[in-house]
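Numbers restart at 1 for each chain; the letters A, B, ... are given by sequence-line order, proteins then strands. Any value given below was found using the heavy atoms of this structure, including those in side chains, with hydrogens, waters and symmetry copies removed. All values derive from a computational prediction rather than experimental measurement.
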2 protein chains.
Amino acid sequence: MATSELDKYSKPSVAVDIVVFTIMGNELKVLLIKRGQPPFAGQWSLPGGFIQIDEQLEGAALRELNEETGVRDVYLEQLYTFGNLNRDPRGRVISVSYFVLVDSTKIKPFVTGKENISEVQWVSIEKLPSLAFDHDKIVKYALRRLRYKLEYTAVGLELLPDNFTLTDLQRLYEIILSQKIDKRNFRKKILSMGILEKTKVFKKGAHRPAMLYKFKKAKPISTFRGFKFEG
Amino acid sequence: MATSELDKYSKPSVAVDIVVFTIMGNELKVLLIKRGQPPFAGQWSLPGGFIQIDEQLEGAALRELNEETGVRDVYLEQLYTFGNLNRDPRGRVISVSYFVLVDSTKIKPFVTGKENISEVQWVSIEKLPSLAFDHDKIVKYALRRLRYKLEYTAVGLELLPDNFTLTDLQRLYEIILSQKIDKRNFRKKILSMGILEKTKVFKKGAHRPAMLYKFKKAKPISTFRGFKFEG
DNA sequence: AGTAGTAGTGTATTAAATACACTAAGAAAG
DNA sequence: CTTTCTTAGTGTATTTAATACACTACTACT
């Protein structure tokens, strides 16, 4: 590869950091890892790492996420690129951050052993510890984007199983937006979007069975009014 | 600086590219430069260049813009980071793109001579030539973002002089969105936002004088529902 | 004095968002 | 088998926002 011209100046390192959201219990959670080596050894941080020279940015995000937590097959979207001079004590590191939504019934993160990581944990957004690097800022930004997108895209459906009740979906909105929503108005609006389809199957349980819904077609959500790009 | 650990792997180069929009005549225009050296010598491209190792990303964008076109003191916002493997024939270059809006009555781009650039030109968005690298894609993305933000932020005001008539503002919206807008409805809506203030001065001209308006306060626009971050 | 051209204004209609309360279905307990 | 508990499911009236639409006001120019 003819990189000689590019090598005249010293280059920054480029990393990816990934904010993985899920809904568990009645909480919005973020996937964190506990670092096993410096800098910030023993501290919680976002999954992520350096990109390889012959690797796409999105590919790097997916690879790091999988290597560190076993998570794969997810909805991914670029967030923002953070480049403050002092964000990494080792030197100049620019981080391209990504935003991932997963269904917690499908995805079970674990310590893979491929990386020097001592723990992998879902942590409630309400109880986040102080994170390594500038990861607090990245999470804050990701949360803002999630709330924002939820209001006029169907991105939230990425957080649910294939079949779900309208009550499940409403609870998801309430958890993420931290506010009560009127049941009738919510149903009216979400159904009027025309993106859901009845499955004719009911969720059985202790009380009145609820109709299960699913997406129409192959989840056309991701790029609707959104910011996904560069295929 | 302790970069030894970071130097174990080969690093990509990191560049910034800037999409500068303005309104001139009755057209939306983008600022282009004609490259004076390979790759893509003689071809039009966006202003931009490599970041320095001790320089903020935004700072690099502003510096490159100024060095190449003389433009400074502008509204700047990060757009997206493009990292396809083959986007630069010289090797692996990741580009953090930025979005700039300027008032064409204040800003006069020129060939500074500091860089190997043969021309600097405003080019109508309708008549863009094929651009170097993946800059077509970047412009397309920037335009989408501009239209999108225009609909629910006051970002468009960055394109106007300090004092402007409501007709000026409406024309700006019509040009960017490529559609006619009803005068009475436009005025009702824009005034109901409460962001404009009458100056009590009139714009004189060949016909009935129009009231000049200005922003309230110190242009609080930029970060409203937007995506600006990392101060 | 008249003409040309832009500035400025209000109301009626339609569509969307909100507020609000009861009945239905099944499981569990007695 | 009757009652109780808990969640599912539904409609209408009100308020607010978006749209459609046409004339008068002001100044410069001839």
Visitor: Kindly point out which of D:dA20, D:dA8, C:dG26 is positioned nearest to the side chain of A:P209?
Guide: C:dG26
Visitor: Taking the six-membered ring for Trp and the single ring otherwise, decide whether the centroids of A:F186 and A:Y173 are under 6.0 Å apart.
Guide: yes
Visitor: Taking atom CZ as the centre, does B:R72 end up with more than 12 heavy-atom neighbours from other residues, nucleotides or ligands that are less than 6.0 angstrom away?
Guide: no
Visitor: State which of C:dA19, C:dA7, D:dT10 makes the closest approach to the side chain of B:R208.
Guide: C:dA7
Visitor: Want to settle it: does A:F202 or A:A206 sit nearer the 5' end of DNA chain D, counting the closest nucleotide to each?
Guide: A:A206
Visitor: Over how many whole Å does the gap from B:D182 atom CG to C:dG8 atom P extend?
Guide: 15 Å
Visitor: Ignoring hydrogens and geometry beyond distance, is the side chain of B:K188 in donor-acceptor contact with the base of C:dT11 at under 3.5 Å?
Guide: yes
Visitor: Tell me: CG of A:N185 to C1' of D:dT10, nearest whole Å?
Guide: 12 Å
Visitor: On the 0 to 90° scale, with breaks at 30° and 60°, tag the A:F133-A:H135 ring pair as parallel, tilted or perpendicular.
Guide: tilted
Visitor: Could you tell me how far apart B:M211 (CE) and C:dT6 (C1') are, to the nearest whole angstrom?
Guide: 15 Å
Visitor: Starting at the 5' end of DNA chain C and moving along, which residue's nearest nucleotide shows up first, B:L212 or B:H207?
Guide: B:H207
Visitor: Salt bridge (charged side-chain N to carboxylate O under 4.0 Å, His left out) between A:D134 and A:R87: does it pass, once the steps are laid out?
Guide: CA-CA 6 Å; A:D134 54 357; A:R87 58 177 299 286; 2.7 Å; yes
Visitor: Can you tell which of D:dC26, C:dG10, D:dG9 lies closest to the side chain of A:A210?
Guide: D:dG9
Visitor: Rounded off to whole Å, could you give me the CD-to-C1' distance for the B:Q170 and C:dG8 pair?
Guide: 12 Å
Visitor: Can you give me the closest heavy-atom contact between A:L79 and A:A142, atom names plus distance?
Guide: CD1-CB, 3.6 Å
Visitor: Whole angstroms only, please: what is the CZ-P distance between B:F186 and C:dG8?
Guide: 13 Å
Visitor: Roughly, in whole Å, what's the span from CZ in A:R187 to P in C:dA16?
Guide: 22 Å
Visitor: Any base atoms under 4.0 Å from A:K183, or only sugar-phosphate, or nothing? Heavy atoms, all strands.
Guide: base
Visitor: Rounding to an integer number of Å, can you tell me how far A:L169 CG sits from D:dA8 P?
Guide: 13 Å
Visitor: Reading DNA chain C from 5' onward, which residue's closest nucleotide shows up sooner: A:R184 or A:G205?
Guide: A:R184
Visitor: Hey, does the side chain of B:T167 come within less than 4.0 Å of C:dA7's phosphate (OP1/OP2), counting only N and O?
Guide: yes
Visitor: To the nearest Å, give me how far apart CD1 (A:I181) and C1' (C:dA19) are.
Guide: 15 Å
